[in-house]
Engineer: 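This is the structure I have questions about; it appears just below.
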Amino acid sequence: MRIIQNRRRFLAGLTAAGAASLVGAPTRVLAEPPPETTRIRLAKIPGVCIAPQYVAEELLHAEGFDEIEYVESEPGTATTAKTASGNVNFSLNFITSSIVAIDQGKALTLLSGVHPGCFELFVRPGIDSLRDLRGKRIGVQALGSSPYLFLASMAAYVGIDPLRDINWVSDPQVRAKELYASGEVDAFLGFPPEPQELRARGIGRVLINSTLDQPWAAYFCCLLAGNANFVREHPIASKRVLRAILKAADLCAGQPDVAARRLVERNFTANYDYALGALTEVPYRKWREYDSEDTVRFYSLRLQEAGMIRSTPQTIIANGTDWRFLNELKRELKT
């Protein structure tokens with residue numbers, strides 16, 4: 001009974017947010033052919049910034065998917081690997097990890113940016129600019145992880161060689177957040193709910209907030225990536241998945257309290273207050289305004305400068321992106 005009530009409350013929230021526009025465009029959806037498959041697998045990671053992927057579950061049912069599975073994964077490299085291998089069909093993921101995977105020839109196709117922002121760079125006193133990271137200890141969960149790649153691209157942007165000028169510290173048994181909290185590293189890059197947790201504990205100082213600070217705030221942080229073979233063989237299903245996630249992004253922007261409750265009720269995260277804080281801060285409506293291709297170009301160039309990829313930005317765009325569905329949905333989902 002509780003599951004039914006929760007689902008009803010979530011659908012009531014959709015109504016409050018304007019269900020006709022979120023679940024709706026029913027005649028248009030019904031006019032399309034049905035999806036080539038009714039089963040979809042998405043990644044489930046600890047971060048809550050990719051909330052549209054979780055909130056989209058009911059919207060995916062409305063798109064004709066009967067079986068929706070969330071596959072446990074770590075963010076970044078692990079999620080790109082699962083998506084490229086086909087263990088996951090789609091997932092929102094950090095742009096840097098996706099670009100590295102495409103550079104390596106993995107079967108990944110980027111379909112749309114969904115939101116900018118969410119990363120925050122926490123630093124110790126005495127670090128007042130990105131250039132001050134030279135020679136410092138930076139905590140990351142692993143070399144090659146999303147925070148590592150993201151910070152490497154940021155360092156390269158201000159002329160720091162991330163391979164030579166930074167001391168990267170990782171411990172597979174301890175989260176980088178805790179290394180920072182205990183004073184073992186000078187900086188770390190956190191994503192929700194980590195920044196919200198540290199602020200609640202009164203720990204740390206933020207040097208850069210990618211939701212607010214330029215140039216990072218001008219580009220998407222997370223894009224929806226699909227398994228390249230799945231996208232090629234199931235174009236109708238792919239468009240329907242993207243439609244559901246973009247509608248869910250609108251819900252996260254318009255009704256963050258409803259979305260945060262959904263995340264907690266479905267065990268995607270544990271703390272409602274942290275989830276609500278993150279969903280309130282992340283600008284989910286920007287998917288209509290920002291240029292996904294510009295984001296891929298910007299970060300590809302940064303990673304190329306840092307020596308993390310060999311491909312040019314144009315090669316990454318040509319080999320690993322498909323904006324057809326996004327362009328159609330921007331016209332369809334105008335508000």
Engineer: Taking ring-ring contact (aromatic ring centres under 6.0 Å, His included) as the definition, give me every residue that meets it alongside F230, ordered by chain and number, with sequence neighbours left out.
Structural biologist: F90, H234
Engineer: Looking at K44 and E72, is there a salt bridge between them, counting it only when a charged N and a carboxylate O are closer than 4.0 Å?
Structural biologist: yes
Engineer: Return the set of residues passing ring-ring contact (aromatic ring centres under 6.0 Å, His included) with F188 (not counting sequence neighbours), or none when no residue passes.
Structural biologist: F122, Y180
Engineer: Using 4.0 Å as the upper bound for N to carboxylate O, is an ion pair formed by R41 and E67?
Structural biologist: no
Engineer: Closer than 4.0 angstrom, basic N to acidic O: yes or no for R137 and E184?
Structural biologist: no
Engineer: Where is the tightest heavy-atom contact between I245 and V114, given as atom of each residue plus distance?
Structural biologist: CG2-CG2, 4.3 Å
Engineer: Apply ring-ring contact (aromatic ring centres under 6.0 Å, His included) to F268 and list each qualifying residue two or more places apart in sequence or on a separate chain.
Structural biologist: Y54, Y70
Engineer: One pair to check against side chain to side chain donor-acceptor pair (under 3.5 Å): Q196 and E281. What are the steps and the verdict?
Structural biologist: CA-CA 10 Å; Q196 289 74 24; E281 295 167 12; 3.2 Å; yes
Engineer: Does the distance from a Lys or Arg side-chain N to an Asp or Glu carboxylate O, for D250 and K247, drop under 4.0 Å?
Structural biologist: no
Engineer: Apply salt bridge (charged side-chain N to carboxylate O under 4.0 Å, His left out) to R310 and list each qualifying residue two or more places apart in sequence or on a separate chain.
Structural biologist: none
Engineer: Of all residues at least two apart in sequence or in a different chain, which pass the salt bridge (charged side-chain N to carboxylate O under 4.0 Å, His left out) check with E36?
Structural biologist: none
Engineer: Mark yes or no for whether S292, through its side chain, and G113, through its backbone, hold a donor-acceptor pair below 3.5 Å.
Structural biologist: yes
Engineer: Let me confirm one number: the CG-CD1 distance from L110 to I99, rounded to the nearest 0.5 Å.
Structural biologist: 7.5 Å
Engineer: To the nearest 0.5 Å, what is the distance between CD1 (I160) and CZ (R134)?
Structural biologist: 5.0 Å
Engineer: Quick check against the 3.5 Å criterion: does H115 have a side-chain atom that pairs as donor or acceptor with the backbone of C49?
Structural biologist: yes
Engineer: Taking only Lys NZ, Arg NE, NH1 and NH2, and the carboxylate oxygens of Asp or Glu, determine whether R205 and E120 approach each other closer than 4.0 Å.
Structural biologist: no
Engineer: ring-ring contact (aromatic ring centres under 6.0 Å, His included) with Y219: which residues, sequence neighbours excluded?
Structural biologist: F298
Engineer: If we ignore hydrogens and angles and just use 3.5 Å, is the side chain of D132 paired with the main-chain N or O of S129 as donor and acceptor?
Structural biologist: yes
Engineer: Got a salt bridge between E178 and R201, using NZ or NE/NH1/NH2 to carboxylate O under 4.0 Å?
Structural biologist: yes
Engineer: Under a 4.0 Å N-O cut-off, is there an ion pair linking K239 with E63?
Structural biologist: no
Engineer: Taking atom types as modelled and ignoring hydrogens, do the side chains of T312 and T315 form a donor-acceptor contact shorter than 3.5 angstrom?
Structural biologist: yes
Engineer: Going by the angle between their ring planes, with limits at 30° and 60°, are Y148 and W168 parallel, tilted or perpendicular?
Structural biologist: perpendicular
